[in-house]
Structure formats: structure tokens, C-alpha cells
Visitor: 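Take this structure first; my questions come after.
Residues take their numbers from the sequence shown, with the count starting at 1. Note: hydrogens, waters and symmetry copies are ignored here, and every other heavy atom, side chains too, is used.
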Amino acid sequence: MFFHIVLERNMQLHPRHFGPHLRDKLVAKLMKDVEGTCSGRHGFVVAITGVEDIGKGLIREGTGFVTFPVKYQCVVFRPFKGEILEAVVTMVNKMGFFAEAGPVQIFVSNHLIPDDMEFQSGDVPNYTTSDGSVKIQKESEVRLKIIGTRVDATEIFCIGTIKDDFLGVISDPGGAL
């Protein structure tokens with residue numbers, strides 16, 4: 001799920017950047033350092049939408065660098081247990097498949113895939129129904145439900161299932177649908 005929140009960060013800036021464009025340099029460095037990162041508490045920072053406040057800088061002795069407290073608004077993505085997501089399959093093996101929904105990687109075990117789907121090894125490993133009408137392979141789009149999350153300091157891992165109503169393959173690159 002996406003949230004719009006306010007966060008704070010201390011930014012260090014080299015003295016060569018001081019001048020009339022100091023604010024622009026700070027905002028550019030903030031975007032470069034923060035966008036695309038993950039914190040276990042808030043989730044993945046998708047985009048910075050605005051800078052609310054830049055505090056007074058503190059000179060660090062010995063280096064000349066200045067530390068500025070920056071308060072900014074950003075959009076974050078944090079998956080929750082029970083959430084339904086659409087994801088793209090990145091890898092299929094006999095244990096299940098991995099899919100990505102934006103920056104989050106989700107593993108779906110073969111125990112959480114419907115019983116009528118069997119693993120097929122070969123050039124393109126996939127899970128196929130007995131009549132061959134539905135196929136899950138690399139690049140397939142699937143709708144899945146998150147049944148568990150594990151949060152580390154810099155990453156979020158998820159376990160998902162497609163063994164529920166209205167879940168499964170949305171589009172198949174092989175054209176089986």
C-alpha cells in the first residue's frame with residue numbers, strides 16, 4: 001500500500017556547494033540519497049514530493065562539511081499481510097515462483113499454488129493446469145495475496161498465495177490465455 005508521509009534526515013553538504021543555489025543542491029542530494037531506498041519501518045521510498053523545512057546548518061569540525069536537518073514529504077510503498085497485489089513473475093522453479101510488485105520480491109510456494117497446476121521443467125519452466133489453459137512462467141502477470149512479510153533494516157520480503165478466489169494469472173506472455 002502507498003502512503004504519503006513526512007520524514008526527517010540530516011544531510012551533509014560540502015562547502016563548495018554553498019552559494020545562491022544551496023537549497024537546490026540539498027534537494028538534489030536528498031533525492032539522490034533517499035529515493036529508491038528501503039527502511040524497515042516505513043517501507044520503500046518511491047518519490048520525494050516536497051521539502052517542508054531545511055534547518056540551520058551545523059559545521060562539522062575538521063572537515064568543513066555542514067549538516068542540515070531536512071524535513072520532507074514522500075510517497076512510500078509498504079506491503080501488508082492480506083493485501084492483494086499484481087506482480088510480474090521473475091523466476092519459476094519446482095519449489096514455487098518469485099514475482100516482483102514494484103520493489104518488493106514475493107515468493108509463492110508450490111503449496112500455495114492451486115492443486116490442479118503442475119510444474120513443467122524444460123526450456124521455459126512453468127506451472128500449467130492439466131488442460132493447459134493456464135500457464136505461469138517468467139514474465140507472466142499474476143494477482144496474488146500476501147500472507148506473510150519479513151522486515152529487515154533495508155529490505156522487505158513477502159510470501160504470497162494464488163490459492164484463493166479471483167487470484168492467479170492475469171496475462172501470459174506465452175499467449176495461453
Visitor: Give, for atom CG of N126 and atom CZ of F119, the distance between the pair rounded to the nearest 0.5 Å.
Guide: 7.5 Å

Visitor: Answer with yes or no whether the hydrophobic clustering places V75 together with V70; edges join I, L, V, M, F, W, Y residues whose side-chain heavy atoms lie under 4.5 Å apart.
Guide: no

Visitor: Treating E8 as the side-chain partner and P69 as the backbone partner, does any N or O pair qualify as donor plus acceptor under 3.5 Å?
Guide: no

Visitor: Could you check V88 against E100 for side chain to side chain contact (heavy atoms under 4.5 Å, CB included), going step by step and ending with a plain yes or no?
Guide: CA-CA 5 Å; V88 177; E100 287 181 352; 5.6 Å; no

Visitor: Going through the checks in order, is the side chain to side chain contact (heavy atoms under 4.5 Å, CB included) test met by L22 and I54?
Guide: CA-CA 11 Å; L22 175 68; I54 298 175; over 6 Å; no

Visitor: Grouping I, L, V, M, F, W and Y whenever their side-chain heavy atoms are under 4.5 Å apart, do V89 and V169 come out in a common cluster?
Guide: yes

Visitor: Is the backbone of D152 close enough, under 3.5 Å, to the side chain of E155 for a donor and an acceptor to pair up by distance?
Guide: no

Visitor: Any side-chain to backbone donor/acceptor pair from Y72 onto D53? Under 3.5 Å, distance only.
Guide: no

Visitor: Kindly compute the distance separating CD (E83) from CE (M1), expressed to the nearest 0.5 Å.
Guide: 5.0 Å

Visitor: Is V151 close to R78 at the side-chain level, that is, under 4.5 Å between some pair of heavy atoms?
Guide: yes

Visitor: Linking I/L/V/M/F/W/Y whenever any side-chain heavy atoms sit under 4.5 Å apart, do V46 and V34 land together?
Guide: no

Visitor: Using every non-hydrogen atom in the two residues, find where I113 and V108 come nearest and quote the distance to one decimal.
Guide: CG1-CG1, 3.9 Å

Visitor: Within this structure, what is the CG-NZ distance for the pair L13 and K25, rounded to the nearest 0.5 Å?
Guide: 8.5 Å

Visitor: Under 3.5 Å, is there a donor-acceptor pair between the side chain of T129 and the main chain of V134?
Guide: yes

Visitor: Between M117 and Y127, which heavy-atom pair has the shortest distance, and what is it?
Guide: CE-O, 3.5 Å

Visitor: Hey, does R9 have a side-chain heavy atom less than 4.5 Å from the side chain of D33?
Guide: yes

Visitor: Inspect the surroundings of NZ in K163 and state if more than 12 heavy atoms from other residues, nucleotides or ligands are less than 6.0 Å away.
Guide: yes

Visitor: Answer yes or no: is there a side-chain heavy-atom contact under 4.5 Å between T149 and V104?
Guide: no

Visitor: In terms of heavy-atom contacts, does CG of D115 have more than 12 from other residues, nucleotides or ligands at under 6.0 Å?
Guide: no

Visitor: Rounded at 0.5 Å granularity, tell me how far NE2 in H4 sits from SG in C74.
Guide: 7.0 Å

Visitor: Side chain of S130, backbone of D116: donor and acceptor closer than 3.5 Å?
Guide: no

Visitor: Whether the side chain of E35 engages the backbone of I48 through a donor-acceptor N/O pair (distance < 3.5 Å, no angle test) should be reported.
Guide: yes

Visitor: Which heavy atom of I106 sits nearest a heavy atom of G160, and at what distance?
Guide: CG2-N, 3.7 Å

Visitor: For the NZ atom of K145 and the CZ atom of R143, what is their distance to the nearest 0.5 Å?
Guide: 13.5 Å

Visitor: Can you tell if the side chain of F166 reaches within under 4.5 Å of the side chain of I84, non-hydrogen atoms only?
Guide: no

Visitor: Strictly distance-based, threshold 3.5 Å: is any side-chain N or O of N93 a donor or acceptor partner for the main-chain N or O of M91?
Guide: no

Visitor: Would you call the rings of F65 and H14 parallel, tilted or perpendicular, where under 30° means parallel and over 60° means perpendicular?
Guide: perpendicular

Visitor: What closest approach, in Å, do V92 and I136 show between heavy atoms, and which atom pair accounts for it?
Guide: CG2-O, 4.2 Å

Visitor: Determine whether a donor-acceptor pair (N or O, by modelled atom type, separation under 3.5 Å) exists between the side chain of T90 and the backbone of F98.
Guide: yes

Visitor: Would you kindly confirm whether M95 and V124 end up in one hydrophobic cluster when ILVMFWY residues are joined by side chain heavy atoms under 4.5 Å apart?
Guide: no

Visitor: Return the NZ to OG1 distance between K32 and T37, rounded to the nearest 0.5 Å.
Guide: 12.5 Å

Visitor: Would you check if I156 and P79 make a side-chain contact, meaning some heavy-atom pair closer than 4.5 Å?
Guide: yes

Visitor: Closest heavy-atom contact between K81 and G148?
Guide: CG-N, 4.4 Å

Visitor: Quick check against the 3.5 Å criterion: does R150 have a side-chain atom that pairs as donor or acceptor with the backbone of I159?
Guide: no

Visitor: Does I5 CD1 have over 12 foreign heavy atoms under 6.0 Å away?
Guide: yes

Visitor: Hydrophobic cluster membership, with links at side-chain heavy-atom distances under 4.5 Å among I/L/V/M/F/W/Y: are F107 and F44 in one?
Guide: yes

Visitor: Do the rings of F18 and F68 sit parallel, tilted or perpendicular, given the 30° and 60° boundaries?
Guide: perpendicular

Visitor: In the structure I gave you, are the side-chain heavy atoms of V6 and K71 within less than 4.5 Å of one another anywhere?
Guide: yes

Visitor: Evaluate the side chain to side chain contact (heavy atoms under 4.5 Å, CB included) criterion for residues L167 and L144: first the C-alpha distance (whole Å), next the side-chain angles of each, then the deciding distance (0.1 Å), finally the verdict.
Guide: CA-CA 6 Å; L167 302 180; L144 49 83; 5.6 Å; no

Visitor: Determine the minimum heavy-atom distance between I162 and P114, stating which atoms define it.
Guide: CG1-CD, 3.6 Å

